[in-house]
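Here is the structure we will look at, set down as structure tokens.
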Amino acid sequence: MQQTRQSKLIAPNDHGLVTMPSGSMRIVQLRPGGVINLGKFGHFLVDQTFGYAYGQAFEIIEEKKVVPVKDLSTEFEESREATPGPVVPDFKSSANNKDLVDLGQKIQGLTAQDIEKMKKEGEGNAVARQIIEKMIQSHEAFDKKTLFSQEKYLTRKQKKFTRRFQIDYLSSSALVKYYYQEKDPQRVLDLSEETLGLMMSHANIMPGGSYLVLDETGGLLVYAILERMQGQGSVVWLHENDQPNTWILKQSGYSETQLDEMIRPISFLEFFEPESHTGPVFKFTEQEVAEMSQSRKQSYLRRLAKADKLQQTVDMVTRNELDALVSMSTLNPSTLIPRVLERLAGSRPVVAYHQYKEMLIELDHILQKDKRVIMTSIAETKVRRFQTVPGKMHPLMTSRAGGGYVFVGLRVLPAEGVQAVGRGKKRKTEET
Amino acid sequence: MQQTRQSKLIAPNDHGLVTMPSGSMRIVQLRPGGVINLGKFGHFLVDQTFGYAYGQAFEIIEEKKVVPVKDLSTEFEESREATPGPVVPDFKSSANNKDLVDLGQKIQGLTAQDIEKMKKEGEGNAVARQIIEKMIQSHEAFDKKTLFSQEKYLTRKQKKFTRRFQIDYLSSSALVKYYYQEKDPQRVLDLSEETLGLMMSHANIMPGGSYLVLDETGGLLVYAILERMQGQGSVVWLHENDQPNTWILKQSGYSETQLDEMIRPISFLEFFEPESHTGPVFKFTEQEVAEMSQSRKQSYLRRLAKADKLQQTVDMVTRNELDALVSMSTLNPSTLIPRVLERLAGSRPVVAYHQYKEMLIELDHILQKDKRVIMTSIAETKVRRFQTVPGKMHPLMTSRAGGGYVFVGLRVLPAEGVQAVGRGKKRKTEET
Amino acid sequence: MFHHKKTIANGDLVLVYIGRDNLKPIFIKEGEVLQTRYGVFPHDSMIGKPFGSQITSTKNVGYIYLLRPTPELWTVSLPHRTQIVYTPDSSYIVQRMNVVGGSRVIEAGTGSGSFTHAFSRTVGPQGRVFSYEFHEQRYEQAKQEFESHQLENTTLTHRDVCNDGFSIDAPVDAQMVFLDLPSPWEAITHLPEVIAKDQTVEICCFSPCIEQVVKTVEALQQYGWTGIELTEVQAKQWEARKEMVRELDDAIERLRDVKKRQKEGLDLKKLPPKRDANGEEKDRGYNPFGKGRRIQEGEDGFSWQNVSKTGPELKTHTSYLLFARQTPTLGAKV
Amino acid sequence: MFHHKKTIANGDLVLVYIGRDNLKPIFIKEGEVLQTRYGVFPHDSMIGKPFGSQITSTKNVGYIYLLRPTPELWTVSLPHRTQIVYTPDSSYIVQRMNVVGGSRVIEAGTGSGSFTHAFSRTVGPQGRVFSYEFHEQRYEQAKQEFESHQLENTTLTHRDVCNDGFSIDAPVDAQMVFLDLPSPWEAITHLPEVIAKDQTVEICCFSPCIEQVVKTVEALQQYGWTGIELTEVQAKQWEARKEMVRELDDAIERLRDVKKRQKEGLDLKKLPPKRDANGEEKDRGYNPFGKGRRIQEGEDGFSWQNVSKTGPELKTHTSYLLFARQTPTLGAKV
């Protein structure tokens with residue numbers, strides 16, 4: 001099957017991630033003819049972005065009109081233009097002068113009249129520089145009297161007025177970052193981008209696999225797996241309701257048909273008691289089918305197809321052919337995971353996420369003693385991001401906490417009646 | 001009381017921390033006339049170090065003879081001498097040549113004869129440089145063919161042959177680092193230097209205080225507190241045996257008398273049931289005392305003094321005058337801490353260490369609901385150290401794990417019959 | 001300011017706890033009152049009370065705690081004039097440099113005085129803190145504050161140490177130096193005049209950016225400081241929480257129940273809620289997880305697991321801490 | 001090498017699990033045997049068995065597992081020729097750069113090929129990995145390994161990319177670039193020839209030292225790469241353990257018991273141990289914590305709390321990861 005997601009060019013009706021220079025993000029649907037509102041930064045016509053590469057940054061230069069620009073951030077442009085003295089903003093536009101007057105009024109030690117007077121006493125940048133210098137000297141909010149922090153202050157002011165944004169492809173990373181950093185980490189059970197990546201690798205996700213998945217994030221995990229598989233393979237989605245919650249998947253850009261091909265939902269009842277809860281749908285005769293109304297016939301055919309698919313899924317499951325278990329569930333891992341891992345083929349990863357490490361400890365104890373699982377551990381990963389500005393590099397001062405934990409193990413096929421001769425983890429004995 | 005610890009100059013009979021360029025450490029007692037054996041690095045006469053400042057680095061230049069040197073590490077000297085080409089070791093001594101031949105023999109692509117041939121074909125550093133270059137080209141263990149890693153390789157070789165060491169004052173930091181990084185973290189319950197510092201600050205340790213302490217490390221915590229107090233104040237040492245285990249304190253350099261003045265041991269029975277387990281010692285009449293043998297009299301006077309001191313300690317405790325609780329105990333914190341914190345004065349810190357965070361969670365739950373305690377949290381701190389070599393700065397690749405966790409709270413005096421009007425932590429409610 | 005007193009007296013500084021991150025410093029003064037959202041609290045009712053007392057307002061609605069000042073509490077309550085040094089950094093610096101009762105410490109710049117308080121507490125009456133601030137206004141504010149807080153062991157000087165050094169009329173002989181300056185390499189040149197000559201002296205430079213660290217390493221080397229080591233402190237705070245333990249079997253049972261009712265034609269959502277005698281909503285059908293209503297953490301009738309959680313935001317960087325020391329070569333004495 | 005097969009066949013690569021950090025790669029060959037400390041394991045007995053099978057030795061003492069190769073397991077088992085890229089780093093890089101089935105990736109240098117395997121697994125049959133190694137011997141070893149591992153989607157080139165660039169006879173059009181080189185700024189200049197022109201291209205540079213990072217940032221800027229961000233990954237592994245819960249009341253009771261016996265003149269230590277019917281040592285007096293004997297974690301008769309513990313050593317630094325991207329300005333189409 002060919003590649004199912006076009007992630008290169010901004011295309012009509014795509015969902016995309018819009019990022020601002022401040023780092024704030026939003027998910028938008030790029031409808032042809034639509035207008036996206038960026039609050040105080042203005043609006044832009046969606047049509048003007050189609051055909052550009054995802055990752056393109058734009059600047060709103062006039063009402064709704066955008067032009068492509070090189071970078072979302074203006075940092076590097078500023079540092080290239082930096083003058084040896086204190087940083088001086090552009091004083092040509094009256095808008096900026098007004099900003100300075102506003103600024104001045106907030107400062108002890110200088111009144112608005114003082115500032116006006118200084119500006120009148122000379123013209124152009126020399127005066128502006130004096131103004132800035134005097135303001136810096138008296139401004140409380142200046143941490144230290146250095147070029148370094150003045151730039152920071154003015155960069156911050158500048159950032160507020162740069163009307164730029166970037167449109168990124170809505171990858172699983174874009175999605176998880178949006179929810180985890182920006183919107184509501186609990187929606188994705190506090191999952192971070194790096195923890196998601198760790199799960200994908202440990203679960204050995206690759207095109208053509210069949211993965212047993214629990215996903216209470218609304219489909220983020222399923223989406224990440226589909227993304228890696230690019231149409232080849234399937235996800236058996238084990239869920240505790242009538243049908244899985246797919247609200248994130250709806251932003252994915254996959255069509256219903258594509259999703260239907262790749263995702264095989266199965267409820268707990270169907271999974272654990274297939275005999276009682278699956279089985280052939282009542283079949284009408286060809287004559288009866290021909291006599292049905294169009295809508296009734298379609299409904300019937302859909303039910304048949306669904307039952308057929310479910311039967312295939314049940315067969316896959318009961319044949320123990322699944323290539324990994326990847327779980328993001330809030331059910332007690334200690335009792336859930338041992339039950340479902342039985343359906344994995346041999347030498348297949350068991351990967352279980354939980355927001356709280358404490359919830360995975362008992363699972364590790366239980367599976368350490370379970371002959372069906374080896375190489376268990378609980379993994380934790382955290383990425384530290386840096387302010388990456390030449391001359392002023394340092395880790396970000398604050399970041400989102402959390403990110404979750406991942407239990408990892410390998411499902412094996414124990415031989416019958418084997419003596420555990422000096423095997424298993426040596427337990428440290430206590431001596432008090 | 002005057003300062004009880006001389007921490008400036010290396011003095012006879014002190015215990016000191018000896019550090020090698022590799023970073024390895026050992027604790028030694030500097031006995032006059034003694035000899036300290038540093039294994040393959042040689043020996044040194046202790047007498048030659050007295051009078052130098054603690055922190056002094058020395059080099060063993062001849063059998064047992066040491067001279068003071070500027071720095072333990074030779075890193076900066078090397079980088080100051082660095083030549084533009086590949087780093088060349090000193091070829092004047094035959095010992096080094098031998099090293100190279102040995103090295104050569106380990107390398108595929110060059111035989112010892114090749115190396116000898118190259119050396120014979122020329123003299124001096126040019127030849128040496130060729131040898132090194134060729135070795136680097138063919139040596140498997142060279143990560144990358146750059147100056148950078150060659151230096152690292154040769155610096156490592158050089159470090160092995162530099163006969164330097166440093167003598168540091170045995171501060172609480174030196175002690176905890178020695179056990180935590182080098183010897184056996186379990187002896188200090190996996191406590192790190194930074195966690196110890198965090199406890200000292202949160203417990204508001206200052207000269208003149210009276211601190212209620214549990215210490216299962218053999219006295220490291222007590223020592224840290226005494227160190228901060230410099231003879232002014234006291235430690236009420238609550239322990240679960242006949243007497244506290246003081247094996248670390250024995251290295252402290254405090255005399256028995258000094259320790260006796262500052263430390264007030266009290267057992268659990270004496271603490272919780274003072275009426276049953278403390279009380280006046282049977283007193284002999286003056287006449288009877290005068291007739292005692294010297295040893296029996298001393299023993300009797302000691303018993304009296306001890307009972308007297310214990311009574312004072314009990315009084316301090318029962319008057320609820322203690323200035324902080326600082327606990328390093330392996331007893332269940334949930335049942336221990338609430339019982340002992342009662343003896344704190346109002347607005348006094350409650351600080352409880354445990355190696356495992358999970359052991360402090362229930363304590364936090366319990367004290368969140370305890371009206372006697374506010375501002376609870378569990379703190380964790382970890383220091384990351386860097387290889388601090390100009391041009392090659394990066395965090396250390398590996399470090400000791402662990403370091404422990406600290407519960408922190410503040411003991412308060414609840415008013416009678418107060419309504420908890422919308423107070424306390426808002427519990428996040430679950431909606432499933 | 002840092003004492004072992006048990007009882008509040010007139011003139012004392014008290015940190016009034018109004019909420020977890022809401023500590024208000026007040027000086028007790030006869031006749032005055034404290035206004036808070038919980039009502040009015042007369043100072044006279046505080047005098048003679050033990051530190052740590054919980055006090056209710058005159059209306060007896062809500063309450064406060066009267067806390068004894070410590071540097072750690074002060075760090076939470078003080079008005080920030082600059083970025084302050086928080087307890088995970090300051091406690092490590094103090095521990096590592098072996099600042100103890102009687103120590104003599106240099107600190108530049110003073111900034112908001114947060115660390116000055118921590119030093120003052122630790123060195124005690126026998127120790128000395130020499131603090132330097134170049135910014136006039138901040139100097140004035142700190143001066144006033146240190147005086148009203150009675151930091152008698154602290155000497156504050158208005159000085160640009162980078163240009164004009166550290167020397168003052170009194171002997172300094174610092175054993176530990178803490179530099180929180182944009183360009184510490186400029187100040188390092190002036191240190192020889194003011195550090196102790198009879199022992200190893202420790203230094204810590206506090207810089208946010210890597211490039212500053214690199215320059216400072218150079219300067220330290222140049223001026224004979226050794227054992228130069230860059231470090232950074234990563235600290236976290238955890239809170240005890242409870243997570244509902246949801247069992248697979250209960251989930252299966254609930255699904256079975258739902259399916260059964262579906263078959264029976266009941267649409268659970270459309271019916272009005274059942275209520276019990278108290279008017280509380282009763283669960284319809286099998287509802288082992290309290291679905292559809294708000295559950296209190298730890299509530300009876302459910303199974304709970306103790307877990308720990310960090311706050312939503314982590315302080316991932318304050319500054320780099322660069323340590324070094326300088327050892328005078330003293331003579332050996334046998 | 002990376003397949004979904006369930007059953008072991010002749011010629012397959014199998015990772016034999018002998019112990020937790022002891023994975024031995026073998027190629028199944030009829031007639032051959034595997035020697036381990038547990039005895040002899042004929043390959044013939046492995047053929048036809050499912051991957052993941054536990055096999056006992058001919059002596060039926062001890063056992064091994066026959067594992068299907070994955071890059072993560074390979075990382076544990078491979079012979080290190082250079083410092084390798086471990087899973088916490090590689091998994092983040094792959095996720096962040098959005099490497100998926102069908103992707104085209106450049107990697108330089110190949111090193112020990114650990115990351116090459118991870119890329120190969122992820123891009124799958126439709127994707128391509130272009131790997132470059134300058135060191136001749138390492139190139140030869142990798143070549144042989146990739147061939148025997150049948151990494152058919154991987155093209156290995158012996159090249160010093162810093163001087164001679166990346167171009168090869170076939171089209172590269174890389175969408176992602178991973179540079180693990182001492183001087184990545186030298187290689188960056190050659191990238192325009194080999195990266196895709198119809199979409200944003202992602203890059204990640206892997207450097208241990210800060211100074212390398214600073215230089216690379218400059219070069220990236222210079223060559224039009226944007227969104228430059230420095231990151232580092234800090235990962236930990238935890239293990240479930242049990243800690244004995246020792247109650248204060250039991251400690252008090254034990255002390256009371258000790259004191260009582262002391263008063264009664266018994267010296268517990270001097271007596272020979274009491275033994276029970278099985279010859280096991282019986283506790284003398286009140287001994288709620290099993291003092292004096294070795295207790296198994298979780299042993300009955302004591303109270304236990306689940307805890308987690310990290311290994312004794314932590315990997316605190318592998319390298320800095322510097323990310324950036326390059327977006328071609330394509331025309332807008334309505």
Side-chain angles (χ1 to χ4, degrees), chain A residues 3 8 47-48 50-56 68 70-71 76 171 173 193-194 196-198 200-202 204 206-209 227-230 232 323 345-347 357 361-362 364-365 374-375 377-386 388 390 412-415 418 421 427-432, chain D residues 2 4 6 20 50-54 56 61-63 65 67-68 70 72 87-88 91-92 94-96 98 100-102 121-122 124 198-200 217 221 226 228-240 244 289-291 294-297 306 308 325 327-334:
Chain A
Q3 228 196 36
K8 303 184 183 200
D47 287 350
Q48 295 191 359
F50 294 141
Y52 284 97
Y54 270 117
Q56 182 68 55
K70 187 147 188 55
D71 203 343
F76 289 123
S171 61
S173 276
E193 180 185 22
E194 55 270 29
L196 176 60
L198 195 66
M200 294 293 101
S201 289
H202 276 300
N204 195 34
M206 48 184 186
E227 186 180 57
R228 295 269 178 129
M229 296 205 294
Q230 288 292 303
Q232 309 196 4
D323 283 316
S347 195
K357 178 163 49 109
I361 298 176
E362 184 60 21
D364 191 15
H365 275 304
I374 61 170
M375 297 183 78
S377 73
I378 297 168
E380 174 188 356
T381 176
K382 193 100 189 106
V383 164
R384 215 144 80 113
R385 294 159 54 212
F386 283 64
T388 311
V412 293
L413 303 168
V418 172
V421 177
R427 309 317 282 130
K428 182 159 179 254
T429 51
E430 304 265 340
E431 181 148 6
T432 45
Chain D
F2 303 121
H4 307 284
K6 310 291 186 276
R20 196 183 175 97
F51 281 100
S53 293
Q54 181 187 29
T56 52
V61 172
Y63 50 81
Y65 298 91
L67 305 184
R68 177 184 67 150
T70 68
E72 290 63 44
T87 303
S91 66
Y92 177 60
V94 164
Q95 176 66 33
R96 180 170 169 150
N98 199 224
V100 295
R121 174 268 313 271
T122 302
D198 61 345
Q199 63 169 94
T200 289
V217 170
Q221 260 182 278
T226 60
I228 304 173
E229 187 179 54
L230 174 63
T231 68
E232 58 177 344
V233 177
Q234 294 182 286
K236 278 182 182 174
Q237 269 197 320
W238 299 88
E239 195 187 310
M244 188 188 289
F289 311 129
K291 194 174 161 72
R294 292 181 81 72
I295 318 278
Q296 272 270 349
E297 254 183 57
N306 275 350
S308 57
R325 54 208 332 229
T327 304
T329 309
L330 307 175
K333 305 174 184 60
V334 179

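Atom set for the values below is all heavy atoms of this structure, side chains included, hydrogens, waters and symmetry mates excluded. First the proteins, then the strands, lettered A, B, ... as listed; each starts at 1.
- When only modelled atom types and interatomic distance are considered, Gln56(A) and Thr327(D) share no side-chain donor-acceptor pair under 3.5 Å.
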Problem set entry | Pair Asp323(A)-Lys6(D), salt bridge (Lys or Arg N to Asp or Glu O under 4.0 Å): steps then yes or no | CA-CA 9 Å; Asp323(A) 283 316; Lys6(D) 310 291 186 276; 3.5 Å; yes
Problem set entry | Candidate pair Lys382(A) and Lys236(D), rule side chain to side chain contact (heavy atoms under 4.5 Å, CB included), full reasoning | CA-CA 9 Å; Lys382(A) 193 100 189 106; Lys236(D) 278 182 182 174; over 6 Å; no
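- Between Gln199(D) and Lys8(A) the shortest heavy-atom distance is OE1-CE, 3.1 Å.
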For this session: Please step through side chain to side chain donor-acceptor pair (under 3.5 Å) for the pair Gln95(D) and Ser173(A), ending with a clear verdict.
Result: CA-CA 7 Å; Gln95(D) 176 66 33; Ser173(A) 276; 3.0 Å; yes
For this session: Test Glu229(D) against Arg385(A) for salt bridge (Lys or Arg N to Asp or Glu O under 4.0 Å), laying out the working first.
Result: CA-CA 7 Å; Glu229(D) 187 179 54; Arg385(A) 294 159 54 212; 2.9 Å; yes
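- Here the closest heavy-atom approach between residue Ser377(A) and residue Gln237(D) is recorded as OG-NE2, 3.0 Å.
- Residues Ser201(A) and Arg121(D) approach most closely at O-NH1, 3.4 Å, considering heavy atoms.
- Panel note: side chain Gln54(D), backbone Ala415(A); a donor-acceptor pair is recorded below 3.5 Å.
- Proximity of Thr381(A) to Tyr92(D): side-chain heavy atoms (C-beta onward) are nowhere separated by under 4.5 Å.
- With a threshold of 4.5 angstrom between heavy atoms, Arg325(D) approaches chain A through side-chain atoms but not through N, CA, C or O.
- For a residue to count as touching a neighbouring chain, one of its non-hydrogen atoms must lie under 4.5 Å from one of that chain's; by this rule Pro68(A) touches chain D with the side chain only.
- Scanning all heavy atoms of the two residues, the minimum distance from Trp238(D) to Asp364(A) falls at O-OD2, 4.5 Å.
- For the options Val233(D), Asn306(D), Thr200(D), heavy-atom pairs under 4.5 Å to chain A are most numerous at Asn306(D).
- For Gln221(D) against Pro390(A), the heavy-atom pair with the smallest separation is OE1-CG, 3.4 Å.
- Rounding to the nearest 0.5 Å places CG of Asn98(D) at 8.0 Å from CZ of Arg228(A).
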Problem set entry | From CA spacing to verdict: side chain to side chain contact (heavy atoms under 4.5 Å, CB included), Val412(A), Leu67(D) | CA-CA 8 Å; Val412(A) 293; Leu67(D) 305 184; 4.1 Å; yes
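- Residues Ser308(D) and Ile361(A) approach most closely at CB-CD1, 3.8 Å, considering heavy atoms.
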